[in-house]
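Presented below is the structure to which this report refers.
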Amino acid sequence: METTAAASARPADILVGLTPAQLQAVSHVAGPLLILAGPGSGKTRVVTHRIANLLQQGIPGKQILALTFTNKAADEMKARLARLVPLPTVWMGTFHRFCARLLRQYASYVGLEENFSIYDVEDARRMLAEALADEGVELTHATPDGVAHAISWAKNNLLTPEKYEPRRGHYLGGIVEKVYPAYQNRLLQANAVDFDDLLLHVATLLRENAELRARLDDRYRYILVDEYQDTNLAQYAIVRALSIDHPNLAVTGDPDQSIYGWRGANLSNILEFEKDFPNVRVVRLEQNYRSTKAILRVADELIRHNVRRKQKDLFTDNPEGPPVRLITYPTQRDEADHIAATIAGQVQAGRRRPRDFAIFYRTNALSRQLEHALRDHVLPYQIVNGLEFYQRKEIKDVLAYLHLLNNSRSDVALLRIINVPARKIGKASVARLAEYARMKGLPLLEAARRSGLIEDLGKGAALAIARFVALYDRLGESVHDPVEELVGRVLTDTGYREVLENSESEEDQERLANIEELLTAAREFDIRNPGGGHLEQFLEESSLVADTDAWESEVDRVTLMTLHAAKGLEFPCVFIVAVENGLLPHERSMHDEEKLEEERRLMFVGITRASEELQLSHADYRAFRGLACPTVPSPFLMELPRHEMDCLGFTGRKTTPDWVGDLEPQAHADADDASQLVDRDEEFVQEDPDAVPGSKRKRSTSPALTSGLITAADLLTKQSRPRVSPSVFKHGMVVDHPDYGPGTIIALSGEGTKRNAVVRFFSDQSERTFRVAFSDLTPAEVE
DNA sequence: TGTGAGTTGATTTTT
DNA sequence: TCAACTCACA
């Protein structure tokens with residue numbers, strides 16, 4: 001079909017170069033669509049091209065909704081769509097984010113206020129512990145974890161406290177029946193939700209408000225759901241409710257990659273999609289464009305052992321590639337060392353770059369030895385997860401202040417910070433305060449306002465609490481300021497920074513560095529959301545980020561992550577470690593056929609991330625709680641086509657095949673030449689800050705050290721210049737002003753020439769705001 | 001009230 | 001292995 005050149009250019013871009021199957025999916029417009037996409041089959045390409053095509057067909061972007069499971073996936077989709085279509089107004093994001101947004105609008109429908117807090121797992125756990133105590137429940141045969149999981153399961157299956165019915169004689173069920181209502185009540189009292197509530201509340205909202213449901217159905221006429229195999233009942237209900245009048249629902253997924261059953265994901269959703277939606281068009285994307293034939297065969301053989309699946313034929317036109325390696329190491333240490341040595345060898349030989357490699361493991365705890373080994377071989381790496389940035393104590397402390405400022409009913413936040421830093425409000429006083437609050441049915445903060453009236457409270461404690469409330473109110477005056485400024489004030493006025501600065505401990509210095517990162521994150525947020533008054537949104541964003549979001553594809557580092565986090569990614573060389581019985585499959589999943597299949601899928605996901613080379617390994621001995629224990633190889637290994645793989649026992653002395661890299665010389669260099677190691681180590685550390693943009697969360701080898709280095713270096717170079725660069729000024733810094741004398745920077749906000757600093761001067765405690773770039777402020781002399 | 005030593009108990013995966 | 005929690009003491 002010939003049209004004018006200008007008009008035809010775009011459609012041609014979008015539809016060109018697609019296989020018949022892909023084209024079928026991309027050009028599908030109305031009605032339900034199921035895309036069964038095997039690994040590496042170009043799924044993201046199909047999805048983005050299809051959205052572009054919808055837009056091309058004149059469908060307004062506002063009517064399109066694309067739901068993903070991770071922010072990373074959403075960002076990736078956005079980026080790729082942006083290359084196809086200018087400025088799409090399509091809403092793309094995670095289920096949880098979408099629900100949070102909807103819930104803010106309709107909070108009152110479910111008994112919340114719009115400024116509700118989102119509690120993370122730890123917050124929710126605390127609240128659950130209180131609920132357990134409240135109900136006087138003693139756990140004998142269950143853990144709090146188990147109870148939390150059961151409640152989460154109920155919520156994911158749309159069981160509200162009223163609807164929950166335990167199986168008869170089921171111990172855990174009986175506990176849940178008692179505690180679940182109390183827990184939910186507390187959440188409501190605190191004007192808070194947990195992660196599961198985001199979905200549950202929205203599902204409820206849609207079910208109980210026909211008119212609202214119809215309105216939203218009409219608004220989101222074209223819905224896409226990525227990773228549909230991982231949806232749970234609540235998510236299913238939401239998507240379903242929005243696709244009744246306009247059943248233009250397109251889902252993509254792969255039953256073989258469903259790895260979130262433990263989170264309530266229901267494989268039936270995808271397996272029975274065709275029953276749910278009559279007239280569905282099914283497109284199968286089976287050709288793999290990622291992996292070599294050798295890798296794909298291994299993946300295929302493994303997954304064939306699953307019974308509950310849709311048979312799919314994986315094939316590729318890619319080259320055969322080297323055989324998949326299966327190595328047995330004596331110990332976990334040898335495993336880690338040898339992998340690091342192999343990578344180092346390849347990198348030094350110039351054959352590969354660090355970023356070409358990924359190491360996957362079943363549990364986070366397994367990352368430690370690998371980290372050590374990589375560090376020993378001076379290889380830069382990024383580790384996804386570990387201790388998540390937003391889960392760190394200092395970050396949670398500061399955020400708790402913000403949470404309480406945003407939602408004064410958030411008792412969990414108050415409990416967290418009422419005595420942090422220490423202000424002489426001890427456990428006993430807090431307990432009395434809580435008791436008073438409980439009796440009067442007040443949020444803790446309200447109770448604290450009346451501390452003078454609480455009889456049980458000693459004079460000193462009452463006064464300390466009153467001071468805390470005064471501090472809170474003072475900070476409250478700044479809630480509409482830019483977030484970075486608010487965080488700065490919190491750090492200064494609460495004395496939090498001062499305590500850390502005065503501390504000698506290494507740990508606290510690291511905390512300071514982390515807080516510096518939080519300030520950077522706040523600053524970046526302010527830049528994206530100018531004008532201030534977006535505290536709530538900032539908190540929401542920080543609650544809903546996941547650790548996998550921290551992974552950066554651009555950085556030249558070896559990637560370490562769990563198999564779960566690996567989904568959706570791709571690397572030339574992949575190592576999967578600890579393929580041992582009890583770890584993969586995990587022992588908690590070993591004895592249940594359904595769970596075992598999920599473990600097999602997990603391994604399948606890991607294998608199919610590799611495009612060129614794959615190594616599976618296990619060790620004869622592995623440390624378990626500090627003790628070396630003999631291991632048993634994973635039964636999954638027996639299911640692989642071992643006759644065509646490179647199966648090797650490893651002694652460390654044997655002549656090694658050429659792919660092993662130069663193990664011997666490497667080991668010698670490290671052992672013999674300690675000074676060289678140190679030198680290279682320093683190099684690595686100095687490189688670090690540049691390689692990692694400020695706001696990104698990852699466990700760096702030594703945040704305190706690295707950021708100390710930049711700051712000091714920064715200061716030295718900048719100070720020698722005639723004009724002081726604005727970037728010199730940091731939160732908490734002591735500065736000099738020709739007219740007002742010395743003072744402390746208590747807050748900073750804005751950027752470039754508009755960057756403002758609020759300085760509190762020592763002489764009269766007055767606060768003044770300066771445009772940093774044009775002020776006469778100078779950093780005070782450091783002795 | 002805060003601190004430090006000592007004990008205990010737990011470790012799957014994540015929005 | 002390690003972090004969180006308890007208990008005794010200042």
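Owing to the predicted nature of the structure, the values given are computational and were not obtained by experimental measurement. Just the heavy atoms: all of them, side chains too, but no hydrogens, waters or symmetry mates, feed the values below.
- Among the heavy atoms of the strands, none lies under 4.0 Å from A:A365.
- Close to B:dT12, at under 4.0 Å from its OP1 or OP2, lies no side-chain N or O of A:S589.
- Side-chain atoms of A:D397 and A:Y496 form a donor-acceptor pair, as typed in the model, at a separation below 3.5 Å.
- If you measure from atom CG of A:L560 to atom P of B:dT13, you get 14 Å, rounded to the nearest angstrom.
- Residues A:W262 and A:H564 place their aromatic rings such that the two centres sit under 6.0 Å apart.
- Evaluation of the side-chain hydrogen bond (donor to acceptor under 3.5 Å, both in side chains) rule for A:R588 yields no partner, not counting sequence neighbours.
- For A:R368, taking side-chain heavy atoms from C-beta onward, the closest of the listed nucleotides B:dG2, B:dT14, C:dC2 is C:dC2.
- Evaluation of A:F95 against the base of B:dT15 yields no stacking contact (centre distance < 5.5 Å, interplanar angle < 30° required).
- In this structure, A:H96 does not pack face-to-face on the six-membered ring of B:dT15, missing the 5.5 Å centre cutoff or the 30° plane limit.
- In this model, the phosphate group of B:dT15 is not approached by any side-chain N or O of A:S543 to a distance below 4.0 Å at OP1 or OP2.
- Atom P of nucleotide B:dT11 and atom CD of A:Q332 are separated by 20 Å, given to the nearest angstrom.
- Between A:R308 and A:E593, no side-chain nitrogen of the basic residue sits less than 4.0 Å from a carboxylate oxygen of the acidic one, so the salt-bridge criterion is not met.
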N/O donor-acceptor pairs under 3.5 Å from side chains in residues 422-430 of chain A, not counting sequence neighbours:
residue, atom, partner, partner atom, Å
A:R423, NH1, A:Y401, OH, 3.4
A:R423, NH1, A:I417, O, 2.8
A:R423, NH1, A:I418, O, 2.8
A:R423, NH2, A:Y401, OH, 2.8

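- Side chain of A:K424, nearest nucleotide from B:dT15, B:dT13, B:dG2: B:dG2.
- No side-chain donor-acceptor contact under 3.5 Å links A:D230 and A:Q235.
- One can place CE of A:M590 at 14 Å from C1' of B:dT12, the figure rounded to the nearest angstrom.
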Tabulate protein N/O versus nucleotide N/O from nucleotides 8-10 of chain C, keeping only pairs under 3.5 Å, one per line.
none

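- Note: CZ (A:R432) to C1' (B:dT1) measures 12 Å, nearest angstrom.
- Backbone-only engagement by A:Y260 is indicated by non-hydrogen atom pairs under 4.0 Å involving sugar-phosphate atoms exclusively.
- The interatomic distance linking A:R125 (CZ) with B:dA10 (P) rounds to 13 Å, in whole Å.
- In this structure, of B:dT15, B:dT12, B:dT14, it is B:dT15 that holds the atom nearest to the side chain of A:F195.
- Taking side-chain N and O atoms only, A:N419 has a distance below 4.0 Å to OP1 or OP2 of B:dG2.
- Position along DNA chain B of the nearest nucleotide to A:T94 versus A:D145 favours A:D145 as the more 5'-ward residue.
- Side-chain contact annotation: A:S410 with A:Y119, donor-acceptor N/O pair under 3.5 Å present.
- Annotation: A:W153, atom CH2; neighbour count of heavy atoms from other residues, nucleotides and ligands within 6.0 Å does not exceed 12.
- Atom CG in A:L563 sits roughly 11 Å away from atom P in B:dT13 (whole-Å rounding).
- Within the structure, every side-chain polar atom (N or O) of A:R423 is placed at least 4.0 Å from both OP1 and OP2 of B:dT1.
- With DNA chain B read from its 5' end, the first of the two nearest nucleotides for A:K595 and A:S429 is the one closest to A:S429.
- Side-chain proximity of A:H586 to the nucleotides B:dT14, B:dT1, B:dT12 is greatest for B:dT12.
- In this structure, A:L457 atom CG and B:dT1 atom P are separated by 9 Å, rounded to whole Å.
- Rounding to whole angstrom units, NZ of residue A:K155 and C1' of B:dT15 are separated by 14 Å.
- Phosphate contact (OP1/OP2 of B:dT12, side-chain N/O of A:R588, threshold under 4.0 Å): present.
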For A:N115 and A:N191, run side-chain hydrogen bond (donor to acceptor under 3.5 Å, both in side chains): C-alpha distance rounded to whole Å, both residues' side-chain angles, the deciding distance at 0.1 Å, then the answer.
CA-CA 8 Å; A:N115 63 333; A:N191 191 28; 3.0 Å; yes
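- Using atom P as the reference point in both B:dT11 and C:dT6, the two lie 16 Å apart (nearest Å).
- Nucleotides B:dT13 and C:dA4, compared at atom P, are 15 Å apart to the nearest Å.
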